[in-house]
Amino acid sequence: MKKHNFNAGPSILPREVIENTAKAVLDFNDSGLSLMEISHRAKDFQPVVDEAVALFKELLQIPEGYSVLFLGGGASLEFCMVPFNFLEKKAAYLNTGTWSKKAIKEAKAFGEVIEVASSADANFSFIPKDYTIPADADYFHITTNNTIFGTELKKDIDSPVPVIADMSSDIFSRPIDVSKYVCIYGGAQKNLAPAGVTFVIVKNEALGKVSRYIPTMLNYQTHIDNGSMFNTPPVLPIYAALQTLRWIKAQGGVKEMERRAIEKADMLYAEIDRNKLFVGTAAKEDRSRMNICFVMKPEFKELEADFLKFATERGMVGIKGHRSVGGFRASCYNAMPKESVQALIDCMREFEKLH
């Protein structure tokens with residue numbers, strides 16, 4: 001039976017990315033050595049990093065003056081690295097869910113943090129719209145896609161202060177104007193690579209403005225100066241990221257990824273809205289294309305476990321919703337084929353007929 005991988009992260013990767021990475025695990029570049037046992041300073045590996053950086057810049061049209069880094073620690077480490085490097089006196093944060101809450105908590109250790117708006121009272125079911133970004137803030141931090149609650153910012157924000165974004169789960173799913181940001185970061189395990197590597201896009205001239213001492217490993221400048229090689233980088237996930245970047249380019253680039261994302265999301269949301277058993281949890285104007293959250297309508301709540309079992313038996317993997325929302329979550333990242341989305345829709349229709 002074919003499996004349809006809707007896991008929220010670690011998540012689906014293109015099949016050729018998995019196969020190419022598996023081959024390199026057995027024998028990297030005909031070296032007779034596994035990718036897992038080569039030195040990160042081996043002459044054959046430096047081109048991997050160089051090409052991955054070049055493709056990042058090409059696919060996202062990153063302007064001159066920005067560096068692309070491959071680090072460890074996940075987005076969770078970035079929650080403290082960002083204020084370490086950018087927060088001198090005051091920072092502004094938009095609170096749209098679990099991950100922005102965690103980022104806010106870390107930032108409070110470094111200076112004043114202004115929460116400009118929050119949708120917590122509505123269980124983060126929408127993206128706040130009417131708020132004022134303080135003009136004296138060092139930066140404004142956003143989380144562009146909220147994997148748990150299924151909301152997404154789909155346009156770049158105009159801000160009077162530098163913008164920093166956690167794009168862990170929607171990077172490469174739409175074109176972005178990188179010039180509007182001083183830092184973009186994210187864990188790779190949703191739309192780019194296996195868990196273990198974190199990408200950071202940072203504007204070089206924005207660094208060096210804080211007066212505090214920054215520990216060497218937490219200083220972005222350290223990693224810029226050393227080409228992401230100050231310490232041993234996560235070799236295997238970087239190699240897999242390169243394969244994904246090549247795949248995105250071959251498929252038609254970020255604009256094609258956006259077209260597919262819109263098509264898949266529209267298909268599934270249309271079924272959620274049509275089906276008598278289900279209802280979406282996020283405000284329609286803020287619905288995520290990456291993480292589609294839905295629950296049973298109140299009168300059919302008792303069927304929730306039955307549908308999960310029904311869908312699982314038909315090859316749907318990872319559709320159980322996060323405990324904060326309940327119900328179901330279908331994560332439709334770039335590598336998710338349209339056929340899998342249709343399979344879930346067919347499953348929902350079949351279950352509806354039975355009930």
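FYI, the numbering just counts along the sequence from 1.
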**Message:** Parallel, tilted or perpendicular, judged at 30° and 60°: which one describes the rings of F328 and F294?
**Reply:**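 The rings of F328 and F294 sit tilted, inter-plane angle from 30° to 60°.
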**Request:** Look at the rings of Y131 and F140 and say which category their plane angle falls in: under 30° parallel, 30 to 60° tilted, over 60° perpendicular.
**Result:** tilted
Check side chain to side chain contact (heavy atoms under 4.5 Å, CB included) between [X] and all other residues, then give those that pass, not counting sequence neighbours.
X: K301; value: E304
X: N146; value: T96, I127, T143, T151
X: D266; value: I262
X: R323; value: none

**Request:** Using the six-membered ring of F310, assess whether NZ or CZ of R314 lies under 6.0 Å from its centre and within 45 degrees of the ring axis.
**Result:** yes
What pairs with [X] under side chain to side chain donor-acceptor pair (under 3.5 Å), at least two apart in sequence or on another chain?
X: D177; result: S179
X: N123; result: none
X: D130; result: none

**Message:** Among I164, I201, L77, which residue satisfies the side-chain contact (heavy atoms from CB on, under 4.5 Å) criterion with Y185?
**Reply:** I164
**Item:** Hydrophobic cluster partners of V295 (side-chain heavy atoms under 4.5 Å)
**Value:** V279
**Fill in**
Connected to I18, directly or through other members, by ILVMFWY side-chain contacts below 4.5 Å are L13
**Message:** According to salt bridge (Lys or Arg N to Asp or Glu O under 4.0 Å), who are the partners of K309, at least two apart in sequence or on a separate chain?
**Reply:** E313
**Request:** Could you list the residues that satisfy salt bridge (Lys or Arg N to Asp or Glu O under 4.0 Å) with R329, not counting sequence neighbours?
**Result:** none
**Prompt:** What is the minimum heavy-atom distance between P194 and Q189, and which atoms define it?
**Reply:**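 In this case the closest contact between P194 and Q189 is C-CB, 4.1 Å.
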**Prompt:** Does any pair with a residue in residues 198-225 pass ring-ring contact (aromatic ring centres under 6.0 Å, His included), and if so which ones, sequence neighbours excluded?
**Reply:**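 Only F56-F199 qualify under ring-ring contact (aromatic ring centres under 6.0 Å, His included).
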